[in-house]
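Report on one structure; see the data block that follows.
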Amino acid sequence: MLWILFYSFGYKPDLYHSIATDRLSLGQYKLAASSTFFQTFMGTLRISLTGTALCFLIGFPFAYWLSVRVPPSRRPIFLALILIPFWTNFLVRTIGWRILLAPSGIFAGVLHFLGLHSTALEVLDTRGAVQLGVVYNYLPLMILPLYVALDRLDPGLREASKDLGAGRVRTLFKVTIPLVSPGIIAGLLLVFIPLSGDFITATVLGGAKGNMAGRMIYDQFLVAQNWALGSAMAVVLILLIAAVVLFFGLIAIVGRHIIRYRRRVELAIAV
Amino acid sequence: MKDSDRAERGAVRLVDVSKRFDQTFAVRSFNLQVRPGEFLSLLGPSGCGKTTTLRMLSGFETPDTGEILISGKSVAGLPPYKRDVNTVFQAYALFPHMSVAENVSYGLMQKHVARGEINRRVGEALEMVRMVSFAKRSPKQLSGGQQQRVALARALVNQPSVLLLDEPLGALDRKLREEMQIELKLLQSQLGITFIFVTHDQEEALSMSDRVAVMNEGEIVQLDTPDTIYEDPNSAFVAGFIGQQNFFNGVAQEQGRLVTNELVNLSSSRKHSQIIANESNVLASVRPETISLQVADNAATHGVSLNRIEGELASIAHLGDSVQLIIRVPGRSEIISKYSRSDAPNIGVGTTVSCSWSDLDVHVYPTSTNER
């Protein structure tokens, strides 16, 4: 980490050297924040935020269903179905989607069969394909902490809530979600942080249109051999991730205080 | 609300209710009528269907057949959150992310009661269970008995027509349990709310209830006052489940007025709850506290005597307010005799004693009822 920070103030001296640090400057940051790269950073944030949100929207109902509705004896089957693809090499899994999404691939065939789409499928090498890929790749990281948190939640608490007059939705928001919030936070962080730095999914599925910051940094380090710019980009990415996490963390803390305030009870009797 | 409805508030009726899990009946053609303001216990061994019955009343289980009426109205299809009943759960199920006061206010918040009224009613409910000073604490910081009180306040603050209690004292130690029993009973008579109390602890059921429904295998075996249940159990199951018993296998003579076996003859002057055929196998029961002990005469009567059996005093156990004596009788299991502390006979262990009882204290049951 410190090396990266240090390198980010350096420069690329000539064609044959990756890094020089005899003169330190903020020049690389100026470059990293320039409009071309800035666009990629914003695109990355958009993909990772949307991806995290999608993972949560798919993962939470699934984890809830698994921990509440599925009898414990059958849960290992579903957990295995989530985990086994996860054991496969990340790259191979992602390349698999190229086959599925190919212009005349399986998805195109199905859509064509259903009469929903007649021309060749043009998802591959777009931001849409990257979005789909990251949701697929990071979904287990969302489901697992959510499942653990939901599974540990005493079902009696949901029953108590309903017994006291709260319907399903109110029980979900007033009892279930507050009590599994550590699991939710863990899931969101586990998905958002590695997703923001991911470069394989973007490389394999994104083509030119679906570039992500991770890929850009990879290029600077290993293709352009400009370690200084790569380091500066990496630092910018870290700062961006930290800013996003802090921003949502603050929202969560403020939200929690508002909920506490609205829930408070002031006894008429002196304590 | 009509006047007839108001008079019915708190009445509970189960009409021919059955509930099956897989292939086995949890509750089988169950009929029960609970009067408004009554304290009724469902008592039975685990797996007898008492909790299932309670969960059908609260709405967490749906009966396969039959009808449930609460306050005179059918609750078929009503989810738990729309029923005018509240439950005190076995493990209390207090919300760990809320304070004591917030837990108690939860039900009122759901009904959108005005904040001023919530503050007032939560205060009253906590005062009722003497937990006002703990209002701001987290449930995790409370002892079992205190959590129990909060759970009670959280249910009662909603002023339900019926309060359902699912073995609420099960997790408490004995001393606390006895205190809570008294407290619950006082609270119930003060509030006049119908209490339906599920327990497997017969002492608990007998000490608190107006009536007790003894359940076995999904059915009510006997529904009566605690006194009648104890004094006059209607079957060998109830006789054996409630309190201690000395059982004697035998063959009935004179329609059950006499029971004979190779060790002892028993005569019974009680009215039998079932018709007993001559020469049928029966089970006679005698409560330990009705058996009196004497040091046996030296000229021990050999052979079979009436309402008297001899044996060797094997042990004496002091149970606080009572003394339990165990008599070993050759050819059968031990006989238990119980005396109050002040009346206990002064007999040493190893002495040959004769146990005797009155024909008023002998109950006779057909053995078939035990093997239903």
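Letters A, B, ... mirror the listed sequences (proteins, then strands); counts begin at 1.
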Point to revise | Close approach to chain B in residues 155-169 of chain A, criterion heavy atom under 4.5 Å | key: A:Gly156, A:Leu157, A:Glu159, A:Ala160, A:Ser161, A:Lys162, A:Asp163, A:Leu164, A:Gly165, A:Ala166, A:Gly167, A:Arg168
Exercise for review: Under 4.5 Å heavy-atom distance to chain A, tell me which part of B:Phe60 shows up: side chain, backbone, both or neither.
Suggested key: side chain
**Study point:** chain B interface, residue from A:Val175, A:Asp154, A:Thr171 that has the most non-hydrogen pairs under 4.5 Å
**Key:** A:Val175
Practice item. Look at B:Asp210 together with B:Arg35 and state whether they make a salt bridge at an N to O cut-off of under 4.0 Å. Key: no
Study note, to complete from the structure: Okay, B:Leu94 and chain A: the region with an atom under 4.5 Å from a heavy atom over there is backbone
Check your understanding: Checking heavy atoms, do the side chain of B:Asn86, its backbone, both or neither come under 4.5 Å from chain A?
Key -> both
Review point. What residue in B:Ala151, B:Ala155, B:Pro79, B:Ala93 has the most heavy-atom pairs under 4.5 Å with chain A?
Key: B:Ala93
Exercise for review: Show your reasoning for whether salt bridge (Lys or Arg N to Asp or Glu O under 4.0 Å) applies to B:Glu117 and B:Arg115.
Suggested key: CA-CA 5 Å; B:Glu117 200 188 335; B:Arg115 184 166 296 278; over 6 Å; no
Exercise for review: Find out whether the Lys NZ or Arg CZ of A:Arg215 is both under 6.0 angstrom from the six-membered ring centre of A:Phe199 and within 45° of the ring's axis.
Suggested key: no
Review point. When you measure from the side chain of B:Ser58 to the backbone N and O of B:Leu54, does any donor-acceptor pair fall under 3.5 Å?
Key: yes
Point to revise | Basic-acidic side-chain contact under 4.0 Å: B:Glu179, B:Arg177 | key: no
Exercise for review: Flag the one option from B:Met98, B:Gln90, B:Glu102 with the top tally of heavy-atom pairs under 4.5 Å to chain A.
Suggested key: B:Glu102
Practice item. Would you mind checking if B:Arg130 and B:Glu183 are paired as a salt bridge, meaning a charged N to carboxylate O distance below 4.0 Å? Key: yes
Exercise for review: Tell me, for B:Ala91 versus chain A, whether the close heavy atoms (under 4.5 Å) come from the side chain, the backbone, both or neither.
Suggested key: neither
Point to revise | Parallel, tilted or perpendicular: ring planes of B:Phe95 versus B:His97, cut at 30 and 60 degrees | key: perpendicular
Which pairs of donor and acceptor atoms, one on a side chain in residues 46-53 of chain B, lie under 3.5 Å apart (sequence neighbours left out)?
unit_1  : atom_1 : unit_2  : atom_2 : d
B:Lys50 : NZ     : B:Gly44 : O      : 3.2
B:Lys50 : NZ     : B:Pro45 : O      : 3.4
B:Thr53 : OG1    : B:Gly49 : O      : 2.7

Point to revise | Residue that, paired with A:Thr94, satisfies side-chain hydrogen bond (donor to acceptor under 3.5 Å, both in side chains) out of A:Asn137, A:Asp198, A:Asn89 | key: A:Asn137
Exercise for review: Please state whether the rings of A:Phe78 and A:Trp65 are parallel, tilted or perpendicular, taking 30° and 60° as the class boundaries.
Suggested key: perpendicular
Review point. What option among B:Lys111, B:Arg121, B:Arg154, B:Arg83 has the most heavy-atom pairs under 4.5 Å with chain A?
Key: B:Arg154
